[in-house]
Amino acid sequence: MNDMIRVPEVRLVGDDVEDLAAELNAPIKAGDVYDTRRVKQWAREADLDLVEISPNAEPPVVKIIDYRKFLYQQKQRDKEMKAKTVKTVVKEVRFGPNMGEHDFEFKLRHARAFLEDGAKVKAYVQFRGRSIVFKDRGELLLLRFMKELEDVGSAEAMPKMEKRRMNVMIAPKKRKKGEAPKKKEGAAPVEKPDYSIDLSKLEEE
């Protein structure tokens with residue numbers, strides 16, 4: 001910027017070049033190449049800054065602007081963009097393959113509340129030790145979990161294994177502002193399978 005630009009020639013661009021030419025009564029045209037010292041003088045006379053925007057061009061490309069005003073406007077734009085950015089909240093719900101019905105319903109209620117508040121829910125079944133052989137039980141549990149929440153959320157993908165965890169991510173369904181989540185009506189009751197595991201059999205093996 002300004003005296004830090006030391007190349008002999010620069011190409012001047014910008015939307016305000018014609019206004020600058022009229023103000024200084026100088027033969028300035030956008031896109032033309034000028035002696036750098038001459039362009040610096042124009043910037044000083046207009047009480048503006050000479051800013052290099054493409055240093056690797058041949059010759060380098062510059063603009064004459066109010067650099068402080070430019071920084072302020074850039075800061076305001078960044079602030080507006082940040083305000084518009086919606087932060088995605090992810091809540092985790094952990095299951096075990098041997099989870100009882102009461103615990104399942106408890107976690108289901110929490111997951112429903114998370115989704116209704118607009119958060120994503122990452123549900124996973126943690127397999128410890130030999131319980132890894134019951135991966136099918138974990139998949140059934142997560143499929144039932146997805147089914148129970150289908151009125152307020154939808155799975156981004158089917159359950160999948162990652163090391164000793166089976167995961168599924170459920171995103172909240174979009175709804176209009178102020179609209180309450182729809183309740184399932186007339187749906188047949190979902191048969192709740194028995195997820196209990198006889199761990200004594202594992203010990204015998």
Side-chain angles (χ1 to χ4, degrees), residues 1-93 110-124 146 149-160 162-163 165 167-182:
M1 187 171 70
N2 297 326
D3 290 336
M4 296 176 66
I5 302 173
R6 297 174 182 174
V7 293
E9 291 184 327
V10 292
R11 186 180 303 278
L12 181 63
V13 300
D15 298 331
D16 301 328
V17 172
E18 290 184 6
D19 295 337
L20 181 67
E23 180 184 342
L24 300 178
N25 193 25
I28 309 173
K29 292 184 180 180
D32 284 358
V33 176
Y34 298 101
D35 179 84
T36 304
R37 289 175 295 179
R38 189 179 182 189
V39 182
K40 287 180 182 178
Q41 182 62 34
W42 289 336
R44 282 192 292 269
E45 290 177 4
D47 197 23
L48 297 172
D49 299 295
L50 182 64
V51 178
E52 192 176 58
I53 61 171
S54 295
N56 296 325
E58 191 63 42
V61 179
V62 297
K63 278 186 176 183
I64 294 177
I65 61 173
D66 185 336
Y67 191 62
R68 289 186 179 180
K69 183 179 179 181
F70 168 78
L71 289 179
Y72 174 78
Q73 292 173 339
Q74 184 66 39
K75 187 176 180 180
Q76 290 299 110
R77 283 194 293 268
D78 292 344
K79 190 176 180 180
E80 290 175 5
M81 288 292 292
K82 188 176 181 180
K84 291 179 181 178
T85 302
V86 179
K87 293 183 179 179
T88 302
V89 178
V90 179
K91 299 287 188 177
E92 289 193 349
V93 178
H110 277 277
R112 178 175 292 276
F114 295 148
L115 291 168
E116 289 175 351
D117 286 341
K120 287 187 176 183
V121 172
K122 181 180 181 181
Y124 64 92
M146 292 159 51
L149 296 172
E150 64 182 2
D151 58 319
V152 291
S154 55
E156 295 182 348
M158 294 300 289
K160 62 179 180 180
E162 292 180 0
K163 296 183 179 179
R165 283 186 179 183
N167 306 295
V168 67
M169 183 72 77
I170 301 177
K173 285 187 175 180
K174 293 182 180 180
R175 58 178 184 270
K176 295 180 181 179
K177 191 174 181 181
E179 180 184 353
K182 296 181 180 179

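The nearest pair of heavy atoms linking A111 to V93 is CB-CG2, 4.2 Å. Smallest separation of non-hydrogen atoms from G118 and P172: O-CG, 3.6 Å. Minimum interatomic distance between P55 and P60 (heavy atoms only, all atoms of both residues): O-CG, 3.8 Å. The two atoms that bring A57 and V61 nearest to each other are CB-CG2, 3.9 Å, heavy atoms only.
In the model, R44 has a side-chain atom that pairs as donor or acceptor with a side-chain atom of Q41 under 3.5 Å. Residues E80 and Q76 bring no donor and acceptor atom of their side chains to less than 3.5 Å of each other.
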**OP:** Starting from the C-alpha separation in whole Å, work towards a yes-or-no answer on side-chain contact (heavy atoms from CB on, under 4.5 Å) for Y34 and K29.
**Re:** CA-CA 10 Å; Y34 298 101; K29 292 184 180 180; 4.0 Å; yes
**OP:** Walk me through it: do K173 and D151 pass the test salt bridge (charged side-chain N to carboxylate O under 4.0 Å, His left out)?
**Re:** CA-CA 8 Å; K173 285 187 175 180; D151 58 319; over 6 Å; no
**OP:** Start with the C-alpha distance between K91 and H110, add both sets of side-chain angles, then the distance that settles side-chain contact (heavy atoms from CB on, under 4.5 Å), and finish with yes or no.
**Re:** CA-CA 10 Å; K91 299 287 188 177; H110 277 277; over 6 Å; no
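Separation of atoms CG (D3) and CE (M1) is listed at 10.0 Å; rounding is to 0.5 Å. The structure places CD1 of I5 at 4.0 Å from CG of L50, a figure rounded to the nearest 0.5 Å. The structure places CD1 of I170 at 10.5 Å from CD of E150, a figure rounded to the nearest 0.5 Å. Here K122 contributes atom NZ and F114 contributes atom CZ; the two are 14.5 Å apart, rounded to the nearest 0.5 Å. To the nearest 0.5 angstrom, L48 atom CG is 8.5 Å from I65 atom CD1. Atom CG of L71 and atom CG of D66 lie 9.0 Å apart (nearest 0.5 Å).
Side-chain contact check for K40 versus N2: every heavy-atom pair is 4.5 Å or farther apart. In this structure, R38 and W42 have side chains that are in contact, with non-hydrogen atoms separated by less than 4.5 Å.
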Going by atom type alone, with no hydrogens or angles, which donor-acceptor pairs under 3.5 Å involve a side-chain atom of residues 6-27 and a protein atom two or more places apart or on another chain?
unit_1, atom_1, unit_2, atom_2, d
R11, NH1, G31, O, 2.8

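Enclosure of atom CZ in R77 by more than 12 non-hydrogen atoms of other residues, nucleotides or ligands within 6.0 angstrom is indicated.
A donor-acceptor pair under 3.5 Å is formed between the side chain of D35 and the backbone N or O of R37.
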